[in-house]
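Structure first, commentary second.
Chain letters run A, B, ... following the sequence lines, proteins first, then strands; residues in each count from 1.
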There are 2 protein chains.
Amino acid sequence: MQNSFTEENYLKIIHALSGRDGVEVSTNALAESTSTRAASVTDMLRKLADKGLIHYKKYQGVTLTDSGEKVAIKVIRKHRLWEVFLVEKLGFGWDEVHDIAEELEHIPSEVLVEKLDAFLGHPKFDPHGDPIPDAKGNLTEPDYLILTDVHVGEKVLMMGVLDHAPSFLQHLDRSGITLGSVLEVREINEYDKSASVQINGGPTLFISLEVSKNLLVQRR
Amino acid sequence: MQNSFTEENYLKIIHALSGRDGVEVSTNALAESTSTRAASVTDMLRKLADKGLIHYKKYQGVTLTDSGEKVAIKVIRKHRLWEVFLVEKLGFGWDEVHDIAEELEHIPSEVLVEKLDAFLGHPKFDPHGDPIPDAKGNLTEPDYLILTDVHVGEKVLMMGVLDHAPSFLQHLDRSGITLGSVLEVREINEYDKSASVQINGGPTLFISLEVSKNLLVQRR
DNA sequence: TAAAAAATTTAGACTAACCTAAAAATATAT
DNA sequence: ATATATTTTTAGGTTAGTCTAAATTTTTTA
Ligand SMILES: [Mn+2]
Ligand SMILES: [Mn+2]
Ligand SMILES: [Mn+2]
Ligand SMILES: [Mn+2]
């Protein structure tokens with residue numbers, strides 16, 4: 001039996017909310033993420049449990065089964081590969097591709113995914129720095145720091161974003177911050193935790209805590 | 001209001017069955033093409049008529065309105081552009097792409113289509129020789145001949161196929177007949193109308209009437 | 001041109017995915 | 001340890017798209 005568009009979305013969202021430690025996901029959290037009501041979520045959870053895709057005990061929240069995890073990772077692989085295609089081949093901005101990839105990720109056909117992957121040169125990361133699962137379903141989350149964890153004087157590489165909202169990505173564009181940028185923290189304001197950060201050895205910018213919390217970086 | 005996946009399919013099929021002269025399409029023909037029952041078609045026709053996408057009078061068959069035609073042509077444009085992408089960029093065979101394009105054709109986003117079109121170099125024909133509507137919705141069907149209309153001694157160019165079935169396309173592959181092949185009709189068998197056809201000045205093959213009827217060609 | 005056949009529509013149901021409102025279970029706070 | 005608040009589930013409905021069976025209209029045949 002094939003999984004529906006909707007079922008795939010639930011699995012993907014459970015995967016995201018469950019995190020690497022596979023913590024239980026609540027009905028309300030899913031209602032929020034799927035933009036539906038808790039009652040609708042309960043209906044779907046019963047269905048996904050019947051299909052063996054999630055572990056579900058009433059009132060106890062859900063986690064993915066191995067089978068559900070597999071499906072979720074396939075969808076994530078497709079989503080991220082299509083995002084690479086849209087940015088690298090079609091010339092979209094990284095702020096424009098998420099919604100289109102939300103649709104493309106549900107196109108079936110294993111062979112399509114593998115040919116796309118080859119066409120793109122087997123990329124390891126998507127345009128937002130998120131890792132792309134391999135064909136076998138291995139997904140390894142690199143352990144990046146958040147910019148707020150970086151001390152004054154340290155130089156780090158910008159590796160990804162936590163917030164994928166177009167407005168946030170556009171803000172980074174205007175600040176000249178892209179994947180691979182070198183960020184040196186020059187000063188941290190005691191009062192509001194805003195930071196002065198030098199970008200690629202060039203201009204120094206003020207970065208609010210709100211922005212710092214969403215920047216994934218790596219020591220060099 | 002957006003049109004659903006299903007509505008788009010109905011419009012596309014009505015367009016195909018209605019032909020260039022815009023003849024009425026019957027409920028049964030649509031049931032056949034959509035692999036549904038006549039009663040289901042009637043339901044959908046009422047809906048499409050309510051949305052102003054088709055002309056529908058009970059028992060009289062349907063035709064597209066200008067508005068419905070526009071939608072149908074957009075879907076056809078997307079279908080054929082994606083087929084070009086799959087063959088030219090991903091390396092699929094022309095016999096493998098139709099079903100995948102059936103899914104991709106429903107991905108929304110005008111800008112995606114236009115960027116894809118540009119990426120592909122604004123192709124005029126899809127891998128089966130079918131013309132690709134332009135961004136404004138102009139679709140001009142070239143008036144090709146069918147191979148059965150070609151007389152002995154004539155040389156023609158292979159320009160397209162009427163049957164898109166994988167088995168037919170694979171048969172052409174095995175015969176060495178592709179878009180652009182030069183076909184010279186050497187002999188036509190009186191009894192079964194099979195033809196001896198020389199391919200690209202090379203080997204001469206027997207071609208059954210069944211095959212001839214599905215080959216679109218052009219005099220040079 | 002009336003009867004028979006074929007095509008089409010209507011009537012009544014079903015499933016997937018959603019909803020609101022009410023009931024039940026769990027968690028929190030006095 | 002209750003009472004209150006929060007979360008989750010259940011009950012009962014809706015819509016889109018499908019179905020079968022029956023009724024109706026159109027077409028064909030005699
Ligand atoms: Mn995304
Ligand atoms: Mn991404
Ligand atoms: Mn096709
Ligand atoms: Mn085609």
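Applying the ring-ring contact (aromatic ring centres under 6.0 Å, His included) test to B:F85 and every residue at least two apart in sequence or in another chain returns A:F85, B:W82. Residues that satisfy the ring-ring contact (aromatic ring centres under 6.0 Å, His included) test with B:H171, not counting sequence neighbours, are absent from this structure. In this structure A:H15 satisfies the ring-ring contact (aromatic ring centres under 6.0 Å, His included) test with no other residue, sequence neighbours excluded. Judged as a side chain to side chain donor-acceptor pair (under 3.5 Å), and not counting sequence neighbours, B:D149 has no contacts.
Between the CG atom of B:N9 and the P atom of D:dA16 there is a distance of 17 Å, rounded to whole Å. Rounded to whole angstrom, the span from the CD atom of B:E24 across to the C1' atom of D:dT26 amounts to 15 Å. Taking atom CD of residue A:E7 and atom C1' of nucleotide C:dC18, one finds them 14 Å apart after rounding to whole Å. Computed from coordinates, the A:L48 CG to C:dA16 C1' distance equals 12 Å when rounded to whole Å.
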Between the protein and nucleotides 22-29 of chain C, which nitrogen or oxygen pairs are less than 3.5 angstrom apart?
unit_1 : atom_1 : unit_2 : atom_2 : d
C:dA25 : O4'    : A:Y59  : OH     : 3.3

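At the heavy-atom level, B:Y56 lies under 4.0 Å from the strands shown only through sugar-phosphate atoms.
Put simply, the side chain of A:M158 reaches to within 4.5 Å of the side chain of A:L172, judged on heavy atoms. Taking 4.5 Å as the limit, every side-chain heavy atom of A:S208 sits out of range of all side-chain heavy atoms of A:D192. By the 4.5 Å heavy-atom criterion applied to side chains, A:L162 and A:L216 are counted as neighbours. Between B:L112 and A:L86 the shortest side-chain heavy-atom distance falls below 4.5 Å. Between A:S33 and A:L17 there is a side-chain heavy-atom pair separated by less than 4.5 Å.
Of the residues in residues 36-46 of chain A, those lying under 4.0 Å from DNA chain C by heavy-atom distance are A:T36, A:R37, A:A39, A:S40, A:D43, A:M44. The stretch residues 26-35 of chain A comes close to DNA chain D through A:S26, A:T27, A:N28, each having a heavy atom under 4.0 Å from the strand.
Pairs passing the side-chain hydrogen bond (donor to acceptor under 3.5 Å, both in side chains) check and including a residue from residues 121-138 of chain A, sequence neighbours excluded, read A:E83-A:H128, A:D117-A:H122, A:D130-A:H164. Within the structure, no pair that satisfies the side-chain hydrogen bond (donor to acceptor under 3.5 Å, both in side chains) test touches residues 19-32 of chain A, not counting sequence neighbours. Residue pairs meeting the ring pair (Phe, Tyr, Trp, His ring centres under 6.0 Å) criterion with at least one member in residues 46-73 of chain B, sequence neighbours excluded, do not occur.
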Donor-acceptor pairs are to be reported for all side-chain atoms of residues 101-108 of chain B against protein atoms at under 3.5 Å, with residues two or more places apart or in another chain.
unit_1 : atom_1 : unit_2 : atom_2 : d
B:E102 : OE1    : B:K12  : NZ     : 2.8
B:E102 : OE2    : B:K12  : NZ     : 2.9
B:E102 : OE2    : B:H79  : ND1    : 3.4
B:E102 : OE2    : B:H98  : NE2    : 3.1
B:E105 : OE1    : B:K12  : NZ     : 3.2
B:E105 : OE1    : B:H79  : ND1    : 2.7
B:E105 : OE2    : B:K12  : NZ     : 2.6
B:H106 : ND1    : B:E8   : OE1    : 2.7
B:H106 : NE2    : B:N9   : OD1    : 3.0
B:H106 : NE2    : B:E102 : O      : 3.2

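Helical stems in DNA chain C, defined as runs of 3 or more consecutive Watson-Crick or G-U wobble pairs with donor-acceptor distances under 3.5 Å: C:1-30 with D:1-30.
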